[in-house]
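Reviewing the structure listed below.
Naming convention: chains lettered A, B, ... in sequence-line order (proteins, then strands); numbering from 1 in each chain.
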Amino acid sequence: RLRTWDSRSQVHEPVDRNFRQAFSELDRLKDKLAVGDAVIEKAAYVYRKALEKGLVRGRSISALVAAALYAACRDTETPRTLKDIANASNIKKKDVARCYRLLIRELDLKMPVVDPVKCVARIASKAGLSEKTKRKALEILKKAEEGKISAGKDPMGLAAAALYVACVMNGENKTQKDVAEAAGVTEVTIRNRYKGLKTHLKL
Amino acid sequence: MASRYIYHPFIKGTMPQTKPIVSIENVVASATVNQTVNLNLITQIFPDVEYHPDQFPGLVFRLRSPKTATLIFSSGKMVCTGAKSEKMAIQAVKNVVQKLKKGGIPLENEPQIEIQNIVASASLGGKIHLELAARVLPRSMYEPEQFPGLIHRMLDPKTVILLFASGKLVCTGAKKESEVYRAVGNLHTLLEEKNLMIYEG
DNA sequence: AAATTACTTTTTAAAGC
DNA sequence: GCTTTAAAAAGTAATTT
């Protein structure tokens, strides 16, 4: 599928040379992150817009490709974290985040806010939690969102805390550390979110 | 919190639901004495200064009052940070130059001073629906995984405001204190117009 | 598990790498 | 781009007690 872009890149302009490098990078990340063609196509579209706007000038192509891919994941609601993209691309999370914000600013992109509900499935499968616990966590999360406790908080931390509470309620033998590691947050964050859930939702 | 200011938007008799409380937190000023300066000589006369030329070309000259840190370069240009008002920033630079003169550093000119940036914090009287604000406010970004506040770029006055769910905010980029008050007032009005504020207590 | 310290974001100038 | 300086906001994190 990337062959159409490759053939377009046959014309030897500096821009096409940049494209080829970006596309091969995207193709490599596609397998590492196991994302679909639609996500890669969106990432390529975003990258092209960035190139047209001259945002690549003086910047790492790899970092911008990674940022474009993260933007595509966010836009398509594909659950990939900044850390996932950073690890797959060997670029510091801080740099991917910086380039991502640049793309949002300069290309006037509007991204949906990460939904904690979508984080639940990933954490639950990584930690090996039951369907019942997952469903309970979703209920807890919905009450939390209604209660306006979510604003400004890391969606992963919220989802992890909801799952931990659900584990306790269902008697699943999972420690805070188990859930924290699966979510990529610390136990302290789970404890802090747990406090909020406990007080505001009377759990 | 040095200079505290309470914003009064009820100019035409329309009483707002809250009055923002603004505090100027940091003022950055640049200055020049229009002549080169021997930084090593300053280090000899003022043993408390920090100067590591291999790390950074500027010398750090700290004042206890006004509590500021001034970077001095061999070109005679300076950057003063930490002041709580435009006036304090200007006075700080004058104090630094005066101390250098009294210490025996040959300076002939008065410093030319320019305010470059003002950082302020403020509290609007209610909580904010950040998620909704992210969708309706132009030039705004809200990424809770990266930072808890919404980043809004205001065109006039040209400033950047970090808005938090608590209704507190940080305004930066202003070059005059009056621009800070105008920016906060503009955002407050905008948030109320678009029903993005939540007044509870 | 509470406290402390420290880092994330934004802004701005300076001289040099 | 980076380096250094200051400052606030609220969240997350790494250490220490």
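- When each of D:dA6, C:dT11, D:dA9 is scored by its nearest atom to the side-chain atoms of B:Val170, the top-ranked nucleotide is D:dA9.
- Among the protein residues, B:Thr68 comes within range of no part of the nucleic acid, since none of its heavy atoms lies under 4.0 Å from any strand.
- Among the protein residues, A:Val185 comes within range of the sugar-phosphate backbone only, with heavy atoms under 4.0 Å from sugar or phosphate atoms but none that close to a base.
- Considering only side-chain atoms of A:Lys153, the nucleotide from C:dT9, D:dA7, D:dT12 that sits closest is D:dT12.
- Between the NZ atom of A:Lys94 and the P atom of D:dG1 there is a distance of 13 Å, given to the nearest Å.
- Protein atom CZ of B:Arg62 is 9 Å distant from nucleotide atom P of D:dA7, rounded to whole Å.
- For A:Lys49, the NZ atom sits in a loose shell: 12 or fewer heavy atoms of surrounding residues, nucleotides or ligands are nearer than 6.0 Å.
- Here the side chain of B:Lys77 is nearest to one of D:dA6, C:dT9, C:dA14, namely C:dA14.
- Atom CG in A:Asn192 sits about 10 Å away from atom P in D:dA13, given to the nearest Å.
- To the nearest whole angstrom, the two P atoms, one in C:dT9 and one in D:dA13, are 14 Å apart.
- One finds no side-chain N or O of A:Arg98 lying less than 4.0 angstrom from the OP1 or OP2 phosphate oxygen of C:dT8.
- Among B:Asn34, B:Val96, B:Ile90, B:Val93, the one residue that satisfies the side chain to side chain contact (heavy atoms under 4.5 Å, CB included) test with B:Pro111 is B:Val93.
- Checked against C:dT10, C:dT12, D:dT4, the side chain of B:Gln55 finds its nearest nucleotide in D:dT4.
- In this structure, B:Gly173 reaches the sugar-phosphate backbone alone: every heavy-atom distance under 4.0 Å involves primed, P, OP1 or OP2 atoms, never a base.
- Between A:Arg193 and the phosphate of D:dT12, there is a side-chain N or O to OP1/OP2 separation shorter than 4.0 Å.
- Not one side-chain nitrogen or oxygen of B:Thr81 sits closer than 4.0 Å to the OP1 or OP2 atom of D:dT4.
- When each of B:Phe73 and B:Pro144 is assigned the nucleotide of DNA chain D with its nearest heavy atom, B:Phe73 is the one assigned upstream, toward the 5' end.
- The pair A:Asp84-A:Arg122 counts as a salt bridge, with a side-chain nitrogen and a carboxylate oxygen less than 4.0 angstrom apart.
- Heavy atoms of B:Ser75 sit under 4.0 angstrom from primed sugar atoms or phosphate atoms, though from no base atom.
- Between the P atom of C:dT10 and the NZ atom of B:Lys175 lies a distance of 17 Å, rounded to the nearest Å.
- In terms of position along DNA chain D, the nucleotide closest to B:Gly167 lies nearer the 5' end than the nucleotide closest to the other residue of the pair A:Gly184 and B:Gly167.
- Within 4.0 Å of A:Arg57, counting heavy atoms only, lies no atom of the nucleic acid at all.
- For the pair A:Asp154 (side chain) and A:Met156 (backbone), a donor-acceptor distance under 3.5 Å is present.
- Between C:dA2 and D:dA9, the two C1' atoms lie 23 Å apart (nearest whole Å).
- When each of B:Leu162 and A:Lys195 is assigned the nucleotide of DNA chain C bearing its nearest heavy atom, the one mapping closer to the 5' terminus is A:Lys195.
- The side chain to side chain contact (heavy atoms under 4.5 Å, CB included) with B:Leu169 is formed by just one residue from the set B:Val184, B:Leu162, B:Ile128, B:Val22; it is B:Val184.
- Evaluation of atom-type donor-acceptor distances gives a pair under 3.5 Å for the side chain of B:Thr172 against the base of C:dT11.
- Across all strands shown, A:Lys93 has no heavy atoms under 4.0 Å from either base or sugar-phosphate atoms.
- Between the side chains of A:Asn18 and A:Tyr47, at least one donor N or O lies within less than 3.5 Å of an accepting N or O.
- With D:dA7, D:dT5, D:dA8 as the candidates, the nucleotide lying closest to the side chain of B:Ser121 is D:dA8.
- Closest to the side chain of B:Pro148, out of D:dA13, D:dG11, C:dT11, is D:dG11.
- The listed nucleotides are D:dA8, C:dA14, C:dT10; the one nearest the side chain of B:Val160 is C:dT10.
- A donor-acceptor pair shorter than 3.5 Å cannot be found between the side chains of B:Gln112 and B:Thr32.
- The CZ atom of A:Arg105 sits 11 Å away from the P atom of C:dT9 (whole-angstrom rounding).
- Using modelled atom types, one finds a donor on one side chain and an acceptor on the other under 3.5 Å when comparing A:Tyr100 with B:Glu143.
- Counting to the nearest Å, the P atom of D:dA9 and the CD atom of B:Glu25 are 7 Å from each other.
- Here the nucleotide nearest the side chain of B:Lys168, chosen from D:dA10, D:dG11, C:dG16, is D:dA10.
- Rounded to whole angstrom, the span from the CG atom of A:Asp154 across to the C1' atom of D:dA13 amounts to 12 Å.
- In this structure, of D:dT12, C:dT10, C:dA14, it is C:dA14 that holds the atom nearest to the side chain of B:Val79.
- For B:Phe56, the side-chain atoms get nearest to C:dA15 when compared with the rest of C:dA15, D:dA7, C:dT10.
- Position along DNA chain C of the nearest nucleotide to B:Ser30 versus B:Gln146 favours B:Gln146 as the more 5'-ward residue.
- A:Gly152 comes within 4.0 angstrom of the backbone, heavy atoms only, and of no base.
- Per the geometry, CZ belonging to B:Phe147 stands 8 Å off P belonging to C:dT10, to the nearest Å.
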